[in-house]
Structure formats: C-alpha cells, structure tokens
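To keep things clear, I will list the structure first and then write my remarks on it.
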Amino acid sequence: MGKNLAQKIFETHLVSGRCAGGENIAIAIDQTLTQDATGTMACLQFEALEIPRVKTKFSISYVDHNMLQTGFENADDHRFLKSFAAKYGIFFSKPGNGICHQVHLERFAKPGEILLGADSHTPNAGAMGMIAIGVGGLDVALAMAGEPYYLKMPEIVSVRLKGKLPPWVASKDIMLELLRRLTVKGGVGKIFEFGGSGVETISIPERATISNLGAELGATTTLFPSDGKTLEFLKAQGRKKDWIPLEPDHDAEYDRVIEMDLRKLEPLIAQPSSPDKVCSVREVAGKVVRQVCIGSCNNSSYFDLMSVAEILKGKKIHPDISLTITPGSKQVFEMIARNGALAILISAGARILESACGPCIGMGQAPPSHAISIRTMNRNFSGRSGTPEDQVYLASPYVAIACALKGSITDPQTLGLRPPRIPMPLKFLADDSLIFPPDSKPEAVIVERGSNIKPLPLRGSLEDSIEGSVVLKVGDNLTTDDILPAGARVLPLRSNIPAISKHLFERIDPDFFKKAKERGGGFILGGENYGQGSSREHAALAPMYLGIKAIFAKSYARIHRSNLINFGILPLTFEDPDELFKIQQGDHLRITRLRGVFLTEDFLEIENVTQNRVFKASHGLNLREREILLAGGLLNYTRNRTKK
Ligand code: MIC
Ligand code: SF4
C-alpha cells in the first residue's frame, strides 16, 4: 500500500505509536516558533523546566503581534524575549522583520521537517512540504526542551486540484470554497494534503495562503508536496540546499478524497462574522464599503502586494475608502520599496503600515461602526477588529482592491482591467540582519524582566471532588477571541495572567470576572467546536487562574482542548447531547470521587445539585491526557516525571 505525504514525514519522526488513523503517536520536533503574544508565557514555561539550552535543531522567537507601543508593556516584553532567546539558544526576529509565518516561509521552512508553532496559523509552512502544527505555548516549551509532541494520528484528506485558476480568481478562493463546503469545524482531527495536476500551477506564496487557512477549518495541518515550484522558491531565497523532493506514492491511500476543478471557481468572500459564511462576490456586490485592509500572514507576500500595485498603477482609490496595506515581512517591504511598487501604493492613496499583524488582531485600524471592512485576512470573528458588532468580510487581494477602487463590494472580473501577472523573482532580497542568533556565551546573558512579566500561575493536582456553579453558558463555535479578546487594550497583558483574567469573556458577559472571582471559579457550558480559532493558551490559563475546573461542551476545537488539558481543566462532553439544554447557567454541579474513577472510567457522574439530578459526562481522554489532568497540568506532569 502506498504512503501519503503526511505518513512519510510522520514516519521519519516517529518516537512512539503507529502512523495509522486514530492511533496515539509521539513525534520528534525539528523546529519551533513562538510569537511575542504567546512567547513570553512559553519562555516562562521553558524556564520552569530548568533546561539550559533548547534541544531542537532550530527555534525562533518572533515579535509581530504586540507592536503598538502605547505603554511600556510591549517594549519591555520585546526586551525580555530578545535576552531570553540569546541565553537559551533561540534565534530572535526583531520587531520590523515581519509576521512570523511570512518570515518563516521565506527563511526557515524546510521540506520534510516538522515545525511546532505557538500560533494557530503555523500550518502556513505546510506550503513548503513540511508538517507544521499550531499548538499552545506550553507544548512549544516542551518541544524546545527536547520532548516529543503527542497527538492522535489525524485522518488524511486528499484535496485533488485540477486545472488552473481563472483570471481574478486567487488561491484564497480555493480555501474559501473548502470552508463553504466543510465549515469551520470540518477539519478537526484531519490533515489536508493538496495534490493533483492543479498544484503545479500554484506558486509557493499562493500555496501558503491556502495552507494558512487550514486553521480556519480547524485542521491539524495542511500540506503540499515539495516539487519544482518549491525548488524555484528556495533557490530564489538563496536556500537551494534546503530542498528535497517529496511527494506521496502514486498509489497512496487517503481517508477521504475531495476533488476541486479550479476552472470552475469564481471570486468568493466570507461574510460577517465567520470564515465559513462564504458566498460568491457577485451575490453581495454593490454593498457600500468603508475600509479595506490588505495584509496579515494570509495575504501579504511579495506576490500579493505586487498584484495590488499592478492593479492600482496610475489610479486613485475611492474617496470614501480607508485602505491599509501591510507588507508581510521586511523582505517584501524592502523589495516593493526598491522596485517602485510602494510608490504606486502610496500614490493611489493607501495607508502603509509596518510589517506586523496589525489590523488582523485589532492592533489599530478598528473599522467605523456598522461599516463594511473588506480584509485579506483569515478571521472575521465578531469584534476581533476592535469595533463591536463589526462587519468584516474576508476575500483575496484582487477582490479587496476592486472594492477599494469602487467603494463598494466589487467582483474584480467586472473591472474591465487586464489581470495582473507577477513573475516569481529570480532572487528575493534575503537580508537576515534583523534576526539575531543566540549568544555564544549564555552564562553572561542576563534576562531583562520588565514589571509586566508576572510569575506563571500553577495549580495543584486534580482534586478528588470538585463543585461549583455554571458561571456561563455559551453557544456553538465559540472562539478564543470570545473567551479572551486580543486587540490593542488586552494583548499587552499576555505576560500578566492576574491582569488579563479580568478580560475573560468580557464581550459575552461583562460581569464574568466578578462572578467567577466571587464564586471561586466553577464550570462553563459550551456547544460544538468550543474554543475555535487562536492557539492562545491564555484562554485556558486565565480560567484556570480563576478556578474554572471543567468545561462541558458538545465538542472542542483541537488546540483549545489541548490547552485546557495542559492547564488542568477537564474538557468534558455529554453522554446525552440534550443535557446541554437541561443545565442552566447558575446551576450548582458536583463531581465526587474523581481521582478514584478518572483513570479507569470513561464516564463521570455529575450531580446537578440545583436540579437534584445526576447526568453522565464523557471525556474521551487517552491515558496520558488523564495522567496530565491528575497531575494538575502538563508542566506538573513533566516535572513529576523528570524528578522520578
Ligand atoms: C490570531 O490570529 O488569533 C493570533 C493572535 O495570531 C493567535 C495567537 C495569539 O492569540 O497570540 C493564533 O492564531 O494562534
Ligand atoms: Fe498575526 Fe493575524 Fe496571522 Fe494571527 S492571523 S499570526 S494575528 S497576521
């Protein structure tokens, strides 16, 4: 039986288990990445493991999220990250060097290797034929300490592309089409492996847009073969030596096959406020637009910005539009500055932002109230832009710029223009002067710890009995942005759990913090796909800090479920899904004899004291996950093991 690409890479990294669907496996990690919003915690966690130097082949710490310096916090955190990296053997990418995923693709992603990143869009590097998985910061800290990464072998879905994209249809539309078909929870527990003759027609930056959006499907990761296009890109980055050819066997087996004829696609758009609310641009054309933002790790490559510049050449944007453009990296920024494309963008009326996440995570550029904002980003969860009840649509740079020119939602196919043709540069401007290698004399490096960095909160081992009230009941597809918002106000508190916990669930219930504090914690009730979106472990750490002991939900998003386990919060599901409707916010629940039954039983009996009833909750946890929870989280579990 032939092997698919994912199996081939997993097999060369297997530490334990068998690469068969549903089996628990452990894999060795070659590379790790963190960004500043998740990185400070990951550093504190790594420090707690008392290991002098990272043990990976390559680890890097990027600064790209907390770039708005409205107080001392972000700047202090950047200094902490830089000194920490120097001391512990981590490369450091300075503010200004670009968005982690864009820079990683350009400079470090390697076919055949495995990358673990403390950011949900880490699968971006899958464009280069590498397995790249987004996880919580603690999982990255452990990988830096040389520990393998544990996961259930995902199902492998083959996405077979046929034909070539029509003019004005972008690679983003391929993923919008998949999101339309499969929804934001359609990829949970799956790897999407792209293949078929259509793949050869798609360049690496376009592939990255596709693999990046795997996160929106909830997928474990997204993967492309390493082929001639990969070689061409690596050569142009001066990294030919990193290339190896990689493809699935011709008779490779897959759990599922999805066919897509690229010739049949048209420009698509995701409507507010979920990436899977996809329709054709035609269907919503004509709606008035007030803001257009081009950027983010999803669409800010040289290819994207050159396409935009070619369309804008000699034109002015609509007077009512605020257009922001964010080059994804210093490489992209400097190249468009040197070749004159930047001047075209400025002359057309664009507002140029520094290379960072920026508007994507609400770090400035919140749109006007009730006005439509068209963004080339990957997430449009309500309020993420910084404006409550915003109207954010997601689309390709072609669609975005058509909207910026016309002032309304516009299908670029109706512009009457010649579609841009951007050749791949033979040589990218590869200047790594904003990337600092680790210090060769680590003993001499003093870690600079600003007052924003508070000690890591920990919990003790799992109690034998837990009780409390249901502090909050929420619906399906709750995002980690809902649990713990990001944006300019809250992101600077990522290194300070006591301070950030005040913002938990604030958009849903402004009194959540007060209630949880008064009641000493309790439980939360959720629907399907609880905790989708970002990898921020703060969405588990802060509830743990406030005493939340368990979540009851119909199903969980992958990364958030792991984060809950990592911080000792039980991710429970219902034996009878209707139970969700019976339990009310405020009900008092009790679980007794927990330690006794947890390792042996698959169900837990929960007493609803308020309703004088007992119901069953299942957990679907494997033995290792149960042991982690019994220890009170992954850090305790790892330390207990190393002490033995
Ligand atoms: C996001 O896009 O939501 C973020 C901000 O990049 C997060 C990471 C974070 O919350 O720090 C992600 O995608 O994991
Ligand atoms: Fe940054 Fe947005 Fe990409 Fe997250 S999705 S890494 S916030 S650009």
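All ligand and atom numbering here is 1-based and tracks the order in the structure.
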Under 4.0 Å from a heavy atom of Ala37: give me the atoms of ligand 1 that qualify, with their elements.
11 (O)
A student checking ligand 1 against Asp119 at a 4.0 Å heavy-atom cut-off should list atoms 4 (C), 6 (O), 7 (C), 8 (C), 12 (C), 13 (O), 14 (O)
Lys330 vs Glu106, salt bridge (charged side-chain N to carboxylate O under 4.0 Å, His left out): CA-CA, chis, key distance, verdict:
CA-CA 11 Å; Lys330 172 177 177 290; Glu106 292 165 358; over 6 Å; no
Give the minimum heavy-atom separation between Met306 and Ala341, together with the two atoms involved.
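Result for this residue pair: SD-CB, 3.6 Å.
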Side chain to side chain, Ile435 and Phe108, heavy atoms closer than 4.5 Å
yes
At a non-hydrogen distance cut-off of under 4.0 Å, which region of Asn298 contacts ligand 2 (side chain, backbone, both, or neither)?
neither
If you measure from each non-hydrogen atom of Asp64 to ligand 2, which part falls under 4.0 Å: side chain, backbone, both or neither?
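The answer is neither.
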What atoms of ligand 2 come closer than 4.0 angstrom to any heavy atom of [X]?
X      : value
Arg384 : 2 (Fe), 5 (S), 7 (S)
Cys360 : 2 (Fe), 5 (S), 7 (S), 8 (S)
Asn378 : 5 (S)

Approximate separation, where rounding is to 0.5 Å, of [X] [atom1] and [Y] [atom2]:
X      : Y      : atom1 : atom2 : answer
Gln331 : Arg107 : CD    : CZ    : 6.5 Å
Thr324 : Leu353 : OG1   : CG    : 4.5 Å
Asn124 : Asn212 : CG    : CG    : 4.5 Å
Lys82  : Ser61  : NZ    : OG    : 11.0 Å
Ile372 : Gln391 : CD1   : CD    : 6.0 Å
Thr222 : Lys190 : OG1   : NZ    : 13.0 Å

Phe58-Phe91 aromatic ring centre distance below 6.0 Å
yes
Are the ring centres of Phe428 and Phe233 closer than 6.0 Å?
yes
Criterion side chain to side chain donor-acceptor pair (under 3.5 Å) on His104 and Gln31, from CA distance to verdict:
CA-CA 11 Å; His104 210 81; Gln31 303 189 353; 2.8 Å; yes
Check whether any heavy atom of Arg379 sits under 4.0 Å from an atom of ligand 1.
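Yes, Arg379 has heavy atoms under 4.0 Å from ligand 1.
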Among all the protein's non-hydrogen atoms, which is closest to [atom], and how far away is it?
atom                    : answer
atom 8 (S) of ligand 2  : Cys297 N, 3.3 Å
atom 10 (O) of ligand 1 : Arg536 NE, 2.7 Å
atom 4 (Fe) of ligand 2 : His65 NE2, 3.9 Å
atom 7 (C) of ligand 1  : Ser534 OG, 3.2 Å
atom 1 (Fe) of ligand 2 : Cys357 SG, 2.3 Å
atom 8 (C) of ligand 1  : Gln35 NE2, 3.2 Å
atom 11 (O) of ligand 1 : Arg494 NH1, 2.8 Å
atom 13 (O) of ligand 1 : Ser120 OG, 2.5 Å

Check: Asp481 N/O within less than 3.5 Å of ligand 1 N/O
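Looking only at distances, the answer is no, because the N/O contact criterion of under 3.5 Å is not met.
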Test your reading of the structure: does His65 have an N or O sitting under 3.5 Å from an N or O of ligand 1?
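Such a contact does occur with ligand 1.
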Please confirm whether Arg375 comes under 4.0 Å of ligand 2, counting heavy atoms of the residue only.
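No, Arg375 has no heavy atoms under 4.0 Å from ligand 2.
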Are any side-chain N or O atoms of Asn66 and backbone N or O atoms of Leu491, one a donor and one an acceptor, separated by less than 3.5 Å?
yes
Ile361 contact mode with ligand 1 (heavy-atom cut-off under 4.0 Å):
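Only the side chain of Ile361 comes within reach of ligand 1.
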Answer with side chain, backbone, both or neither: which part of Arg384 has a heavy atom less than 4.0 angstrom from an atom of ligand 1?
side chain
